[in-house]
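Positions are given from 1, in the same order as the sequence printed here. Remember, it's 1-based here, ligands and their atoms both numbered in the order they're listed. Note that these values count all heavy atoms, side chains included, but never hydrogens, waters or copies made by symmetry.
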Amino acid sequence: MNKLLTQSGMETSALTFGAMQFGAGSDAHASRVIYHMCRDAGINHFDTANGYTNGQSEQILGGCIRQERDDIFVATKVGYTGGAAPENLEHQFDISRQRLGMDVVDLLYLHRFDPETPLEATLDWFQNQIALGRIRYVGLSNFAAWQIVQAQFLISEMGGRIDAVQPMYNLVKRQAEVEILPACRAFDIATFTYSPLGAGLLSGKYTQGFAADGRLATDTRYAKRYGLASMHETAQNITKIARDFQIHSATLAIAWVLRSAFKPSPIISARTTDQLRPCLDAIDLELPQDVWDHIAAVVPTPPPATDRLEEA
Ligand SMILES: NC(=O)c1ccc[n+]([C@@H]2O[C@H](COP(=O)([O-])OP(=O)(O)OC[C@H]3O[C@@H](n4cnc5c(N)ncnc54)[C@H](OP(=O)(O)O)[C@@H]3O)[C@@H](O)[C@H]2O)c1
């Protein structure tokens, strides 16, 4: 698998931490405490985006990293709003680097596919950022598999490559394993998957009723994304299995991503240190094989890309 390195030459950690809550769910002080707790657990890869928390996320994260810049792998994203035309990306990336306080960002993602902009123009801009030394790796987020392959083909003709892809992936959102993750494996692209807890659903806190301050209660976009009754049923099953083994449901759900077939690096996130602790426990979790077999039996596997179910 494609190994991405920090500027000091270290491989990125098994878990990535996503700073999407920095400056919102976690104030600046709480964010710094969370950052150091991640560092103590061995995490050296931190993810943010130009669009998070009005720039607070990049600003706070940049401040945390300053003292140890070369040992940290920083990823940010541009192009969630305004499209993927070079002018917009240039404008947003200038702002991101200023907020982060960094001339060089390790990994820059295009946050989502833009059907209005020719992919060649976008990738040419990314290649130019590599040539200028402003980024070290090129990433794509929220792309379909065919779009990733097309991008890899186009950028390779420019002498470059897609280094990383960031899709959604968790026990109730497994679409990525049908085509995206196999495509990444085939093209040796690193995968950093987001929302390992289904935005908190798989932490178990919604199984007893409604967690009033949780994201699924406060953010209608996420409530819709995780609104299916079958998803809540799966969360209940996972919570029960976790309880039987006296572990936190969040630990089990993140560990499942870590040991899933394509071995992505889950991008975890938490608003508080109490939330973060069980997420970090996933790093060392070891359970007998029959637990994983039991999970496989109760969590539906998505149908294969070919639709030939009898051959799956
Ligand atoms: N590329 C993209 O489009 C994209 C999209 C989304 C995320 N991301 C990246 O991926 C990262 C992680 O995404 P995510 O936040 O959706 O991940 P997640 O792990 O699915 O959800 C994290 C959320 O679950 C809740 N939680 C976590 N631990 C908990 C615990 N022990 N007990 C109870 N609740 C707990 C918290 O939310 P509440 O307390 O509010 O419920 C926390 O913010 C983000 O920070 C960002 O960097 C990328």
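For atom 38 (P) of ligand 1, the candidate residues are Q166, K173, K205, R112; the nearest heavy-atom contact is made by K205. In this structure, of T272, L201, I268, L197, the residue bringing a heavy atom nearest to atom 19 (O) of ligand 1 is L197. Counting heavy atoms only, M20 comes closest to atom 44 (C) of ligand 1 of the residues H111, H248, M20, M168. Ranked by closest heavy atom to atom 10 (O) of ligand 1, the top entry among Y194, Y222, Y80 is Y194.
By the 6.0 Å and 45° rule, R185 does not stack over the aromatic ring of F187. A cation-pi arrangement is found for R225 relative to Y222, the charged atom lying closer than 6.0 Å to the ring centre and inside a 45° cone about the ring normal. The side-chain tip of K173 does not point at the ring of Y194 from less than 6.0 angstrom away and within 45° of straight on.
The closest protein non-hydrogen atom to atom 22 (C) of ligand 1 is S269 O, 3.4 Å. Nearest non-hydrogen protein atom to atom 32 (N) of ligand 1 is S203 CB, 3.7 Å. Given atom 3 (O) of ligand 1, the protein heavy atom at minimum distance is N142 ND2, 2.9 Å. Summary of contacts: the protein heavy atom closest to atom 12 (C) of ligand 1 is I267 O, 3.2 Å. Scanning the protein for heavy atoms near atom 25 (C) of ligand 1, the closest one is G200 CA, 3.8 Å. For atom 17 (O) of ligand 1, the closest non-hydrogen atom of the protein is S195 CA, 3.3 Å. Of the protein's heavy atoms, R215 NH2, 3.5 Å lies nearest to atom 23 (C) of ligand 1. With respect to atom 31 (N) of ligand 1, the closest heavy atom belonging to the protein is Q275 O, 3.1 Å.
For S141, every heavy-atom contact with ligand 1 shorter than 4.0 Å involves the side chain, none the backbone.
Checked against the 6.0 Å centroid threshold, H45 and F192 count as a close aromatic pair.
Panel note: side chain S195, backbone G198; no donor-acceptor pair is recorded below 3.5 Å. R215 places no side-chain N or O within donor-acceptor distance of the main-chain N or O of A199, the cut-off being under 3.5 Å.
In summary, the atoms of ligand 1 found under 4.0 Å from a heavy atom of D47, numbered by their order in the structure, are 9 (C), 46 (C), 47 (O). Annotation for ligand 1: atoms under 4.0 Å from non-hydrogen atoms of C279 are 28 (N). Of all atoms in ligand 1, numbered sequentially from 1 with element shown, those under 4.0 Å from a heavy atom of G198 are 20 (O).
At a threshold of 4.5 Å between non-hydrogen side-chain atoms, the residues Q166 and L140 do not count as touching. Annotation: side chain of L5 is not in contact with side chain of T12 (no heavy-atom distance under 4.5 Å). The side-chain heavy atoms of T6 and D70, taken from C-beta on, include no pair separated by under 4.5 Å.
Using a 4.0 Å cutoff on heavy atoms, Y52 counts as a contact of ligand 1. The shortest separation from a heavy atom of P278 to ligand 1 is under 4.0 Å, placing the residue in contact.
Backbone and side-chain nitrogen or oxygen atoms of K77 are examined, and none is located within less than 3.5 angstrom of a nitrogen or oxygen of ligand 1. Polar contact check, G18 against ligand 1: a nitrogen or oxygen pair lies under 3.5 Å apart.
Note that CZ of F46 is 10.5 Å distant from CD1 of I34, once rounded to the nearest 0.5 Å.
The aromatic rings of F22 and F17 lie tilted to each other, with the angle between the two planes from 30° to 60°. Note on ring orientation: taking the six-membered ring where Trp is involved, the planes of F113 and F143 are perpendicular (angle over 60°, cut-offs 30° and 60°).
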